[in-house]
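Both ligands and their constituent atoms are indexed starting at 1 by order of listing.
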Amino acid sequence: MERIRMTTPLVEMDGDEMTRVMWRMIKDELILPFVDLKTEYYDLGLLNRNDTDDQVTVDAANANRKYGVAVKCATITPNRQRMEEFPQLKQMWKSPNATIRSIMDGTVFRAPILISRIKPVVRNWEAPITIARHAYGDIYKASEMITEVPGEAKLVFSGDDGSEKTVSVQRVEGPAVWQGQHNLDSSIRSFAESCFRYALSTGQDLWFSTKDTISKVYDGRFREIFEEIFEKEYKALFESKGISFFYTLIDDAVARVIRSKGGFIWACKNYDGDVMSDMVSTAFGSIAMMTSVLVSPDGNYEYEAAHGTVTRHYYRYLKGEKTSSNPVATIFAWTGALRKRGELDGIDDLVSFADRLERACFDTMEAGTVTKDLTLLMEDTEGVTAVDTETFIKAVRQRI
Ligand code: NAP
Ligand code: MG
């Protein structure tokens, strides 16, 4: 069989533990037999990040900016426990995802993969809800303090030009807690651009919510920037695609989301996105079925699974046991990247290959061949067989 040719390389970011094992299986069984794969390979496994003083992560992110499309395997973010596990680590390296996100200045979009055998907890949800979380500032970069005595707190801004702006926060008569947070016009703009682009690229409506009735200046600024960019750059494009941009208060959004059929993108401020993405993903099913894509404001894409390296399964794998780790989100990271590459380079066969590989995954699962994590989410397991990872991947290959 002739394999599908590519013109531009995909940026391939390899990773750690069980997902690294699955990465190899997916490539060998599901991609290389069909695609004459061209990638620029970066090994983001923890030991190589350590050997290169994390330069490999920076290089990979820059390659993503150069070529436009990357696919990333899950990676270990070292913590104190990992420092004991890997005594050779020179330091507690930063999260690769955080490094890549800051170089790309991107926004993360998370969407669940739905199959009919697993019913969302919210009965009326028929299509995925994608959450876009603004990942800069607010309480995640806030300064906080506790005070004991009566007094007044003020918010003071000292401009480099000598100007000064002061507002009173509050006068208190006893012990109190305080918090100062900020955001940047530039970051809000990037967030807005990424959201509008991703809505266009996937043909879905975009919702955005804040609490601008209460936070008239701060949240008001988010709303203003979104509306300004939409009017100027995206309104006509949205109309021609038949999609819409919809702004509403966060409380109204929460109520509407629960009553909706799904099938749209919900852009959230940092904290709202943190909380709502956990709620929405749990209500849809499993972390093992959640995809994630980082989209930069200038239109670069990095696809990955939302889950981590599945460490517990990896230790069993090392003991020679067969594990039933779910490769579907990682397969969809590959299909997402291949489809986007195909679209950008005008290679229809690559786009339809991505569609077929996804279809093969769906058909395999719908026919009842699934990994163990999914059986736990099914009300009715008649005709369902839980298989190990390799058997699942082989079953998908048979269907392609
Ligand atoms: P995790 O790897 O997502 O796994 C947590 C648990 O969720 C697993 O033990 C497993 O439950 C279940 N699970 C997750 N993915 C699964 C899959 N594909 N198939 C079947 N079950 C799956 O999260 P973690 O244990 O908190 O983190 C492990 C490592 O991953 C950490 O070093 C962390 O830094 C890293 N991490 C990386 C990323 C990333 O690169 N994007 C994201 C998150 C975490 P059972 O064991 O009960 O079967
Ligand atoms: Mg959270």
Side-chain angles (χ1 to χ4, degrees), residues 12-26 42-50 54 56-57 60-61 64 70-86 89 92-102 104 106 108-113 115 118 133 135 274 277-278 281-282 284-294 302-319 321-334 336 361 365 370-378 386-393 396:
E12 176 183 355
M13 307 181 189
D14 208 345
D16 289 301
E17 300 193 314
M18 204 59 219
T19 41
R20 189 178 178 105
V21 175
M22 293 198 283
W23 194 259
R24 194 66 255 169
M25 293 180 185
I26 292 167
Y42 293 87
D43 182 2
L44 265 55
L46 180 58
L47 295 179
N48 193 46
R49 275 180 277 144
N50 188 57
D54 211 21
V56 67
T57 308
N64 199 164
V71 55
K72 179 180 171 291
C73 179
T75 46
I76 293 171
T77 298
N79 53 16
R80 221 170 299 143
Q81 194 191 331
R82 295 290 196 178
M83 297 300 282
E84 282 165 26
E85 186 182 346
F86 300 96
L89 291 187
M92 203 144 83
W93 302 107
K94 267 190 7 188
S95 148
N97 286 41
T99 303
I100 295 166
R101 198 167 57 220
S102 77
M104 305 254 295
V108 172
F109 296 80
R110 279 184 163 204
I113 300 159
I115 58 171
I118 298 173
R133 173 183 171 189
D274 184 349
S277 65
D278 285 327
S281 67
T282 307
F284 269 115
S286 153
I287 181 71
M289 294 284 275
M290 188 64 68
T291 63
S292 176
V293 52
L294 174 71
E302 181 233 295
Y303 293 84
E304 65 178 322
H307 60 76
T309 59
V310 212
T311 311
R312 290 208 318 172
H313 295 207
Y314 183 59
Y315 291 151
R316 275 189 262 137
Y317 166 85
L318 288 180
K319 282 194 231 149
E321 291 173 34
K322 281 206 186 285
T323 69
S324 186
S325 321
N326 188 339
V328 170
T330 306
I331 296 173
F332 276 58
W334 276 96
C361 287
M365 291 186 283
V370 297
T371 47
K372 213 192 288 167
D373 55 306
L374 297 189
T375 59
L376 305 173
L377 298 168
M378 293 175 181
V387 297
D388 61 67
T389 308
E390 242 177 308
T391 308
F392 179 79
I393 288 177
V396 173

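- Considering backbone and side-chain N/O of His307, one or more are found under 3.5 Å from N/O of ligand 1.
- Within the 4.0 Å heavy-atom criterion, neither part of Glu17 lies near ligand 1.
- Distance check for atom 12 (C) of ligand 1: every protein heavy atom is found at 4.0 Å or beyond.
- In terms of protein heavy-atom proximity, atom 17 (C) of ligand 1 is closest to Ala288 CB, 3.5 Å.
- The contact set between ligand 1 and Ala74, taken as ligand atoms under 4.0 Å from a residue heavy atom, comprises 40 (O).
- Contact atoms of ligand 1 toward Lys72: 40 (O) (distance under 4.0 Å to a heavy atom of the residue).
- Taking atom 32 (O) of ligand 1 as the reference point, the nearest protein heavy-atom neighbour is Arg82 NH2, 2.9 Å.
- Looking at Ser324, its side chain does come within 3.5 Å of a backbone N or O of Val387 through a donor-acceptor pair.
- Nearest protein neighbour of atom 18 (N) of ligand 1, counting heavy atoms only, is Asn326 O, 2.8 Å.
- Heavy-atom proximity to atom 37 (C) of ligand 1, evaluated over Thr75, Leu46, Thr309, Ile76, is greatest for Thr75.
- Under a 3.5 Å cut-off, the side chain of Asp43 and the backbone N or O of Asn48 do not form any donor-acceptor pair.
- In this structure, a donor-acceptor pair under 3.5 Å is present between the side chains of Asp373 and Thr371.
- Under the 4.5 Å side-chain criterion, counting only non-hydrogen atoms from C-beta, Ser325 is not in contact with Tyr317.
- Counting heavy atoms under 4.0 Å from ligand 1, residue Glu304 touches it through the side chain alone.
- The side-chain heavy atoms of Ile118 and Met365, taken from C-beta on, include no pair separated by under 4.5 Å.
- A heavy-atom distance below 4.5 Å is found between the side chains of Trp23 and Thr330.
- Nearest protein heavy-atom contact of atom 7 (O) of ligand 1 is Ile287 CG2, 4.2 Å.
- Proximity of Tyr315 to Glu17: side-chain heavy atoms (C-beta onward) are separated by under 4.5 Å at one or more points.
- Heavy atoms of His313 found under 4.0 angstrom from ligand 1 belong exclusively to the side chain.
- The distance from ligand 1 to the heavy atoms of Thr77 drops below 4.0 Å at these ligand atoms: 32 (O), 34 (O).
- Atom 25 (O) of ligand 1 has its closest protein heavy atom at Thr311 OG1, 4.5 Å.
- With salt bridges taken as basic N to acidic carboxylate O contacts below 4.0 Å, none links Asp16 and Arg82.
- Nearest heavy atoms, Ala305 versus Ala329: CB-CB, 3.5 Å.
- Under a 3.5 Å cut-off, the side chain of Arg49 and the backbone N or O of Asp54 do not form any donor-acceptor pair.
- Residue contact check: Arg312 has heavy atoms under 4.0 Å from atoms 9 (O), 45 (P), 46 (O), 47 (O) of ligand 1.
- Taking every heavy atom of Ser325 and a limit of under 4.0 angstrom, the matching atoms of ligand 1 come to 19 (N).
- Residue-environment remark: CD (Glu321) exceeds the threshold of 12 foreign heavy atoms within 6.0 Å.
- There is a protein heavy atom less than 4.0 angstrom from atom 20 (C) of ligand 1.
- Taking all atoms of both residues into account, the shortest heavy-atom contact from Arg80 to Met92 is N-SD, 3.8 Å.
- In terms of protein heavy atoms, atom 44 (C) of ligand 1 is closest to Gly308 CA, 3.4 Å.
- With Val310, Asp16, Leu44 as candidates, the residue nearest to atom 2 (O) of ligand 1 on a non-hydrogen basis is Val310.
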